[in-house]
Enquirer: 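Here you go, one structure.
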Amino acid sequence: MEIFADLDHPLVKDTAKRLTQAETTLRSKLERLFYFVRDDIRFAFPDDGDFVKASETIQLGYGQCNTKATLLLALCKTVGIPARIHFSLITKDIQRGFFTGIAYWLMPREISHSWIEVEVDGTWRRIDTFINDLPLFTAAKAEVTRLGWSVGYSVALKDGEASADFDLDHEAFQQMAAVTDDHGTWDDPSAYYESANYKNRPDGIRMWFYRNMIGGINRRVERLRDENN
């Protein structure tokens, strides 16, 4: 079984150490890791979809919900922060605006999605506010609000709000309002990706379309980020 949260990889270990070596508490270490994954790893869609290791996401410098969650999972575990990845289904409307036309039509109605849970002070806390880098989140929230949508451009508004903050004590989210089903917690994405629950496994033609369209999709992501910041 291929391990995606490859915390033994030198790049993952060196990155985690560099980010947290001056920190003395679990919360401060987690905060440094959070902001690295949120902002240094910008939101975009990899050519290989979800099948990207944590070390590869660092090398790419970008990722989406599942690959950024895999990276944060690996970084947390590397420095001894108890962490797990929680999978679910989410409506495909979460990517409306980035995926358009045939690319949007080819997506399943619901897609597999993940966030991170960390144990702090004896309580497991849910975190998904690392998914979109802050410039994109700000632009996406404004665009969704302008269009009168509640879900799209990688954000889901609940009562008109979403968050990109690191706040363990007051849960707020970027995408949780669009989650439709619960597939539980996993130690590594690999087991989930091999399970019948996983919905993002493309057949040959869908992967061909995805890889041929992903450049244009990522340009829409970049254009939204740039035009509104």
Side-chain angles (χ1 to χ4, degrees), residues 1-21 23 26 29-90 108 110-120 124-133 174-175 179 181-204 206-207 210-211 214 218:
M1 181 183 294
E2 186 172 23
I3 301 300
F4 286 90
D6 54 345
L7 52 121
D8 290 328
H9 192 284
L11 182 56
V12 176
K13 291 197 293 186
D14 291 348
T15 300
K17 180 180 178 181
R18 172 176 59 82
L19 292 169
T20 63
Q21 60 187 352
E23 306 302 329
L26 184 150
K29 290 178 181 180
L30 178 58
E31 185 172 9
R32 289 297 309 277
L33 298 178
F34 170 91
Y35 284 115
F36 170 77
V37 175
R38 192 191 73 178
D39 293 329
D40 290 66
I41 307 297
R42 306 218 304 181
F43 183 90
F45 299 93
D47 287 349
D48 292 326
D50 296 331
F51 303 121
V52 182
K53 294 181 178 181
S55 57
E56 294 168 338
T57 296
I58 297 173
Q59 292 170 332
L60 288 171
Y62 63 85
Q64 34 84 323
C65 60
N66 293 330
T67 60
K68 292 184 75 170
T70 298
L71 173 57
L72 186 52
L73 175 71
L75 292 171
C76 285
K77 287 187 171 184
T78 298
V79 298
I81 298 172
R84 61 196 186 190
I85 190 166
H86 197 133
F87 279 97
S88 69
L89 295 182
I90 194 169
E110 296 172 310
I111 54 179
S112 287
H113 167 70
S114 63
W115 60 88
I116 287 297
E117 296 180 358
V118 295
E119 188 179 22
V120 180
W124 286 95
R125 317 294 178 97
R126 298 176 296 169
I127 306 173
D128 85 345
T129 49
F130 59 85
I131 294 173
N132 294 295
D133 54 273
Q174 287 189 2
Q175 298 191 350
V179 167
D181 202 356
D182 188 346
H183 290 166
T185 58
W186 304 71
D187 289 330
D188 185 85
S190 55
Y192 177 77
Y193 293 158
E194 293 181 1
S195 76
N197 288 328
Y198 181 58
K199 302 302 182 185
N200 300 357
R201 187 178 296 105
D203 57 26
R206 280 184 170 85
M207 180 55 83
Y210 174 84
R211 286 182 169 162
I214 203 62
N218 282 334

Enquirer: Once rounded to the nearest 0.5 Å, what's the spacing between atom CG of L72 and atom NZ of K77?
Expert: 11.5 Å

Enquirer: What's the spacing between F4 CZ and L71 CG if we round to 0.5 Å?
Expert: 14.0 Å

Enquirer: Using atom types as modelled and distance alone, determine if a side-chain donor or acceptor of K13 lies under 3.5 Å from a backbone N or O of T78.
Expert: no

Enquirer: State the OH-OG distance between Y198 and S190, to the nearest 0.5 angstrom.
Expert: 12.0 Å

Enquirer: Before you tell me yes or no, could you show the steps for S195 and W186 under side chain to side chain contact (heavy atoms under 4.5 Å, CB included), namely the whole-Å CA-CA distance, both residues' side-chain angles and the distance that decides it to 0.1 Å?
Expert: CA-CA 11 Å; S195 76; W186 304 71; 4.2 Å; yes

Enquirer: Once you round to the nearest 0.5 Å, how far does CG of D50 lie from CD of Q64?
Expert: 5.0 Å

Enquirer: Working to the nearest 0.5 Å, report the span between NE2 of H9 and CG of D14.
Expert: 9.5 Å

Enquirer: Under 3.5 Å, is there a donor-acceptor pair between the Y192 and S114 side chains?
Expert: no

Enquirer: Rounded to the nearest 0.5 Å, what's the gap from CD on E117 to CD1 on I85? Could you check?
Expert: 10.0 Å

Enquirer: Taking Q174 for its side chain and N132 for its backbone only, find out whether a donor-acceptor pair lies under 3.5 Å.
Expert: yes

Enquirer: Does some side-chain heavy atom of H113 sit less than 4.5 Å from a side-chain heavy atom of N200?
Expert: no

Enquirer: Using every non-hydrogen atom in the two residues, find where V52 and T70 come nearest and quote the distance to one decimal.
Expert: O-CG2, 4.4 Å

Enquirer: Between C76 and L30, what is the shortest heavy-atom contact and its length?
Expert: SG-CD1, 3.7 Å

Enquirer: For I214 and F45, which heavy atoms make the closest approach, and how far apart are they?
Expert: CD1-CB, 3.2 Å

Enquirer: Is there a side-chain contact between S112 and L89 in this structure, where contact means two heavy atoms from C-beta onward sitting under 4.5 Å apart?
Expert: yes

Enquirer: Evaluate the side-chain proximity of W124 to P82: yes if any heavy-atom separation is below 4.5 Å, no if none is.
Expert: yes

Enquirer: Taking all heavy atoms of L11 and all of Q59, pick out the closest pair and write down the distance.
Expert: CD2-CG, 3.5 Å

Enquirer: Can you confirm whether I3 sits close enough to D8 that some side-chain heavy atom of one is under 4.5 Å from a side-chain heavy atom of the other?
Expert: no

Enquirer: Is the shortest heavy-atom distance from the side chain of D48 to the side chain of R211 under 4.5 Å?
Expert: yes

Enquirer: Assign the ring pair F34 / F130 to parallel, tilted or perpendicular, where the plane angle (0 to 90°) is split at 30° and 60°.
Expert: perpendicular

Enquirer: Is R32 reaching over with its side chain to a backbone N or O of L19, donor-acceptor style, under 3.5 angstrom?
Expert: yes

Enquirer: Is the side chain of K68 donor-acceptor paired with the backbone N or O of I41 at a distance under 3.5 Å, no angle test?
Expert: yes

Enquirer: Of all the heavy-atom pairs spanning R125 and V120, show the shortest one and how long it is.
Expert: NH2-O, 3.4 Å

Enquirer: Checking the side chain of D39 only, and the main-chain atoms of D133 only, is there a donor and an acceptor separated by less than 3.5 Å?
Expert: no

Enquirer: Within the 4.5 Å heavy-atom criterion, are P46 and T67 side-chain neighbours or not?
Expert: yes

Enquirer: More than 12 heavy atoms of other residues, nucleotides or ligands under 6.0 Å from CG of D187: yes or no?
Expert: no

Enquirer: Are C65 and I90 close enough that some pair of their side-chain heavy atoms sits under 4.5 Å apart?
Expert: no

Enquirer: May I ask you to test the H86-T185 pair for a side-chain heavy-atom distance under 4.5 Å?
Expert: yes

Enquirer: Which heavy atom of A16 sits nearest a heavy atom of L33, and at what distance?
Expert: CA-CD2, 4.3 Å

